[in-house]
Protein chains: 2
Amino acid sequence: MPGTNLDFPARLRAAGLRPTRQRVALARLLFEGGHRHVTAESLHVEVKTAQMPVSLATVYNALNQFRDAGLLREVVVAPGRSYFDTNTGHHHHFFVEPDGALHDFPSDKVTIAGLPAPPKGTRLSRVDVIVRVRR
Amino acid sequence: MPGTNLDFPARLRAAGLRPTRQRVALARLLFEGGHRHVTAESLHVEVKTAQMPVSLATVYNALNQFRDAGLLREVVVAPGRSYFDTNTGHHHHFFVEPDGALHDFPSDKVTIAGLPAPPKGTRLSRVDVIVRVRR
DNA sequence: TGCAGTCTTTAGAATTGTTCTAAAATTCTT
DNA sequence: AAGAATTTTAGAACAATTCTAAAGACTGCA
Ligand SMILES: [Mn+2]
Ligand SMILES: [Mn+2]
Ligand SMILES: [Zn+2]
Ligand SMILES: [Zn+2]
């Protein structure tokens, strides 16, 4: 992660969030390695395993706040479960159907041509491409 | 709907489903007009309004069975709610963010080039393009 | 047409993922 | 360190969906 700020308290402050013990622990898990796709439940298990117990409500709060602050993006691929993505740049996803695994792929090689104009009175917000694959 | 079979009992039988009173009523609502996007809840309200009460559990059962039989396809656009689509042909969607409205657009004018190969050991299943727009 | 066998429907309970509540704990400012 | 504001937390509440098991409906075959 070249150019990534590893001073998590500072990054949280910059995002308008108090660098609490819990938020710093979660930010470390989320942002100090490569890009990740997590669910609230998977991150909660992880933070417990790392001997840093954080309540499930706090995990949900933090994920929603991080998303609202632009630190994460939410990816909707399966009904009834939200994935949060530490990669906030332009990219798309492979979704492996039975397991629920998500893989990034860069959007810069992908060209989408011929998209119709947005319905009247609306502005484009984002184009999501989900390539569903099965084993 | 040219070429569409309006004999719902026959269509259900062809799909391997007994043409019960409830399934026929739901199929009529779903398939006798143009293409539609429904949720279990919205279809349940509709069938109640049409004076043919069907339990919510049956609406869920029927939507899942119709999907498994290829009569419907499930579209995942928002966390925590499933949309079912009577258009099972190749097409993509506009999703209007605050209201949750879905609009089809044909995929034949849209070209997606440069998609990477599926991850090792997987086969392509479907490519979903969701164009998110806001007012 | 009558039955038996199988499948379906249903109400309500259960489950799952997520949000809310309000009291206790922490963080920030001075 | 004190006071004010924010955050955390356990548990309750909620929303969408699935499950349970008993009652009802459909079908094939007499
Ligand atoms: Mn959310
Ligand atoms: Mn389902
Ligand atoms: Zn991603
Ligand atoms: Zn559609």
Side-chain angles (χ1 to χ4, degrees), chain A residues 7-29 37-48 50-69 71-72 74-84 100 102, chain B residues 7-29 37-48 50-69 71-72 74-84 100 102:
Chain A
D7 179 351
F8 295 108
R11 273 174 84 179
L12 291 170
R13 250 182 239 108
L17 297 168
R18 284 191 181 175
T20 64
R21 190 163 26 278
Q22 292 85 340
R23 294 209 270 230
V24 171
L26 294 171
R28 243 189 257 294
L29 291 173
H37 302 104
V38 304
T39 63
E41 197 53 59
S42 77
L43 186 59
H44 186 226
V45 167
E46 226 182 300
V47 79
K48 273 190 295 192
Q51 320 279 43
M52 242 318 286
V54 172
S55 79
L56 183 57
T58 295
V59 173
Y60 273 104
N61 289 341
L63 287 172
N64 286 331
Q65 292 152 351
F66 291 3
R67 177 205 54 215
D68 292 348
L71 268 34
L72 291 177
E74 193 167 1
V75 185
V76 183
V77 281
R81 160 156 295 181
S82 265
Y83 287 77
F84 289 88
L102 265 182
Chain B
D7 179 352
F8 294 108
R11 271 173 86 179
L12 291 169
R13 248 181 239 107
L17 297 167
R18 284 190 182 176
T20 63
R21 189 163 27 277
Q22 292 86 341
R23 294 209 272 230
V24 171
L26 294 171
R28 242 189 259 294
L29 290 174
H37 301 106
V38 304
T39 62
E41 196 55 57
S42 77
L43 185 60
H44 186 225
V45 167
E46 226 182 300
V47 79
K48 273 190 295 191
Q51 320 279 43
M52 353 165 150
V54 172
S55 78
L56 183 56
T58 296
V59 173
Y60 274 104
N61 288 342
L63 287 173
N64 287 330
Q65 291 153 352
F66 290 4
R67 176 206 51 215
D68 292 348
L71 268 35
L72 290 177
E74 192 167 1
V75 185
V76 182
V77 281
R81 162 158 295 183
S82 264
Y83 288 77
F84 290 87
L102 264 184

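Lettering follows sequence order; numbering is per chain, from 1.
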Self-check item: Given C:dT10, C:dT26, D:dG11, the nucleotide with the shortest approach to the side chain of B:N61
Solution: C:dT10

Exercise. Kindly say whether B:G100 contributes a backbone atom to a donor-acceptor pair with the side chain of B:Y83 at under 3.5 angstrom?
Key: yes

Practice problem: Return the value, rounded to whole Å, for the distance between atom CZ of B:F66 and atom C1' of C:dT8. | Solution: 12 Å

Exercise. State, to 0.1 Å, how close B:P9 and B:P19 come at their nearest heavy-atom pair, and which atoms those are.
Key: CA-CB, 3.6 Å

Quiz prompt | Distance in angstrom units between A:L26 CG and D:dT7 P, rounded | solution = 14 Å

Exercise. Measure the distance from CE on B:M52 to C1' on C:dT9 and round it to the nearest whole Å.
Key: 16 Å

Self-check item: B:L43 CG - D:dA16 C1' separation (whole Å)
Solution: 15 Å

Quiz item: If each of B:Y60 and A:V59 is mapped to the nucleotide of DNA chain D with the nearest heavy atom, which maps nearer the 5' terminus, i.e. the 5' end?
Solution: A:V59

Practice problem: Taking only the side-chain heavy atoms of A:R23 (C-beta and beyond), determine which of D:dT18, D:dT7, C:dC28 contains the nearest atom. | Solution: D:dT7

Quiz item: Roughly how many Å is it from CZ in A:R13 to P in D:dT7, rounded to a whole number?
Solution: 13 Å

Quiz item: Taking for each residue the nucleotide of DNA chain D with the nearest heavy atom, is it B:A57 or B:R21 whose nucleotide lies nearer the 5' end?
Solution: B:A57

Self-check item: Distance in angstrom units between A:L12 CG and D:dT6 P, rounded
Solution: 17 Å

Practice problem: Using whole Å, report how far CG of B:N64 lies from P of D:dA16. | Solution: 16 Å

Quiz prompt | Any side-chain heavy-atom pair of A:V38 and A:L63 under 4.5 Å | solution = yes

Practice problem: May I ask you to evaluate whether A:R18 reaches the phosphate of D:dA5, defined as a side-chain N or O under 4.0 Å from OP1 or OP2? | Solution: no

Self-check item: Value in whole Å for how far the P atom of C:dC20 lies from CD of A:Q65
Solution: 12 Å

Quiz item: Are OP1 or OP2 of C:dT9 and a side-chain N or O of B:T20 less than 4.0 angstrom apart?
Solution: yes

Quiz item: Given D:dT6, D:dT9, C:dT9, which nucleotide is nearest the side-chain atoms of A:Q22?
Solution: D:dT9

Practice problem: State, yes or no, whether a side-chain contact exists between A:F8 and A:R23 at a heavy-atom distance under 4.5 Å. | Solution: no

Practice problem: Give a yes or no answer on whether the side chain of A:H44 reaches the backbone of A:S55 with a donor-acceptor pair at less than 3.5 Å. | Solution: no

Quiz item: Using a cut-off of 4.0 Å on non-hydrogen atoms, how would the nucleic acid contact of A:R81 be classed: base, sugar-phosphate, or nothing?
Solution: sugar-phosphate

